[in-house]
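What follows is one structure encoded as structure tokens, with my remarks underneath.
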Amino acid sequence: MSSTRDLSGVVEREGDLFDAPSGAALIHACNSQGVWGKGVAEAIKTRYPAAFEIYRSHCETHLTNPQYKTVSTSTSTLNEVEEILELKSNDDSDDDNSDTSSNTRAIRAPEGTALIIPPQRGDYENNSDNNGGKKHWIICLFTSGGFGRRRSSPGVILHNTLLAVRDMKEQLALLGEGNESKGGDNHSHNHDEAGNKDYNCKDEDEGLGMPSGLWSCRFNSGLFAVPWELSRKVLVEEGLTVTVVN
């Protein structure tokens with residue numbers, strides 16, 4: 001199994017994402033419709049059905065009670081990277097509530113956020129044939145509003161990726177603080193309908209604290225059709241240590 005590392009903390013290797021060690025978090029990109037129908041998402045749904053139900057419920061809450069906010073694009077990859085604008089002009093997906101000529105865009109929750117799902121007992125105990133009994137966290141980056149031909153444009157997907165990765169970092173930091181103050185209790189920091197954040201226990205176990213490491217696929221590069229190098233740039237610029245499995 002070969003691997004490559006540059007001066008950043010992003011390590012790329014050949015192999016199987018699900019071979020990540022127990023306690024690791026598996027990062028992937030999601031739509032906001034509650035559907036894991038193809039690709040890596042479908043494989044995660046098969047192996048972690050309890051995690052999928054948490055994701056689906058999270059999406060249904062936002063679909064039932066839509067909430068919007070205005071976010072800045074002035075310092076985002078959406079306006080900085082010329083290739084993104086070229087991709088957007090050639091894209092055939094539905095229009096997003098964005099305007100690359102302005103410094104803001106309207107965004108509908110949960111786009112641009114992350115959902116961190118701790119290991120679920122029903123996944124690592126009842127589905128051990130698929131996971132080998134490993135306790136994997138699942139991190140959903142909401143990078144596209146829709147899927148298929150209704151996926152967001154590449155520029156918007158990449159901007160959502162930047163926002164979601166930053167949200168993930170904030171949540172992981174809070175998990176670390178919560179673990180120290182609560183003596184190792186396992187909590188997940190998520191968003192309610194209004195986009196505010198709560199801090200809810202998502203698993204029966206105690207002592208897991210937070211992920212032991214971050215692993216990911218080459219998210220956004222498959223069904224969302226965004227070149228991996230652009231999503232990888234976000235991970236590098238945000239200073240994350242991630243093992244990326246191709």
Side-chain angles (χ1 to χ4, degrees), residues 5-11 17 20-30 32 44 48 51 54-55 58-59 61-62 67 69 71-78 107 109-120 134-143 157-217 219-220 231-245:
R5 179 194 291 269
D6 56 19
L7 295 178
S8 74
V10 178
V11 179
L17 177 64
S22 185
L26 311 184
I27 304 171
H28 72 127
C30 300
S32 302
I44 292 176
Y48 310 93
I54 293 174
Y55 155 79
H58 185 72
C59 291
T61 297
H62 288 290
Q67 298 289 329
K69 64 180 179 178
V71 296
S72 171
T73 62
S74 60
T75 59
S76 77
T77 315
L78 181 64
I107 189 169
E111 286 183 59
T113 67
L115 175 65
I116 299 179
I117 306 173
Q120 300 298 301
K134 292 179 180 178
K135 298 180 179 181
H136 284 152
W137 298 63
I138 304 297
I139 299 182
C140 309
L141 302 180
F142 290 97
T143 64
I157 287 173
L158 197 60
H159 184 223
N160 286 343
T161 299
L162 177 64
L163 297 174
V165 166
R166 288 177 175 173
D167 185 47
M168 176 185 71
K169 287 176 61 179
E170 180 183 346
Q171 292 188 48
L172 289 173
L174 287 171
L175 277 172
E177 294 172 5
N179 187 46
E180 293 178 0
S181 64
K182 296 178 182 296
D185 288 351
N186 182 29
H187 291 76
S188 180
H189 175 206
N190 300 313
H191 299 255
D192 65 14
E193 300 97 314
N196 300 314
K197 296 180 180 179
D198 56 24
Y199 203 58
N200 298 321
C201 184
K202 292 287 187 180
D203 187 61
E204 302 92 334
D205 282 351
E206 295 184 356
L208 291 175
M210 61 184 299
S212 60
L214 300 178
W215 288 56
S216 84
C217 57
F219 55 82
N220 293 332
S231 299
R232 184 182 187 281
K233 176 181 173 68
V234 173
L235 296 178
V236 172
E237 291 185 346
E238 290 301 308
L240 290 171
T241 299
V242 184
T243 299
V244 179
V245 180

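None of the values given here were measured: they were computed from a predicted structure.
Distance check, rounded to the nearest 0.5 Å: OG1 of Thr161 to CZ of Arg232 gives 15.0 Å. To the nearest 0.5 Å, atom CD1 of residue Ile54 and atom SG of residue Cys59 are 12.0 Å apart. Distance CE/Met210 to CD/Glu177: 10.0 Å, rounded to 0.5 Å. Atoms CG and CG, on Leu141 and Leu163 in that order, are 11.0 Å from each other to the nearest 0.5 Å. With values rounded to the nearest 0.5 angstrom, Lys169 atom NZ is found 11.0 Å from Leu214 atom CG. The distance from atom CG of Leu240 to atom CD1 of Ile27, rounded to the nearest 0.5 Å, is 7.0 Å.
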### Task
Determine, step by step, whether Val71 and His159 satisfy the side-chain contact (heavy atoms from CB on, under 4.5 Å) criterion, reporting the C-alpha distance in whole Å, the side-chain angles of both residues, the deciding distance to 0.1 Å, and the verdict.
CA-CA 10 Å; Val71 296; His159 184 223; 3.7 Å; yes
### Task
Verify side-chain contact (heavy atoms from CB on, under 4.5 Å) between Tyr48 and Trp137, making sure each step is shown before the conclusion.
CA-CA 10 Å; Tyr48 310 93; Trp137 298 63; over 6 Å; no
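In this structure, the side chain of Ser231 does not engage the main chain of Asn220 through any donor-acceptor pair within 3.5 Å. For the pair His58 (side chain) and Ser32 (backbone), a donor-acceptor distance under 3.5 Å is absent.
The two residues Ile139 and Ala25 have their closest heavy-atom pair at CD1-CB, 3.7 Å. When all heavy atoms of Thr143 and Ala29 are compared, the pair lying nearest together is OG1-CB, 3.5 Å. Listed here is the closest heavy atom pair of Ala51 and Ile138: CB-CG1, 4.0 Å. The shortest heavy-atom contact between Phe142 and Pro110 is CB-O, 3.2 Å. Between Ser212 and Ala24, the shortest heavy-atom contact is OG-N, 3.4 Å. Of all heavy-atom pairs between Gly209 and Leu175, the closest is O-CD2, 4.2 Å.
Residues passing the side chain to side chain contact (heavy atoms under 4.5 Å, CB included) test with Ser22 are Lys134, Lys135, sequence neighbours excluded. Looking at residues two or more places apart in sequence or on another chain, you find a side chain to side chain contact (heavy atoms under 4.5 Å, CB included) between Cys217 and Leu17, His28, Val40, Phe219.
Applying the side-chain contact (heavy atoms from CB on, under 4.5 Å) test between Leu162 and each of Lys233, Glu238, Glu237 identifies Glu238 as the sole match.
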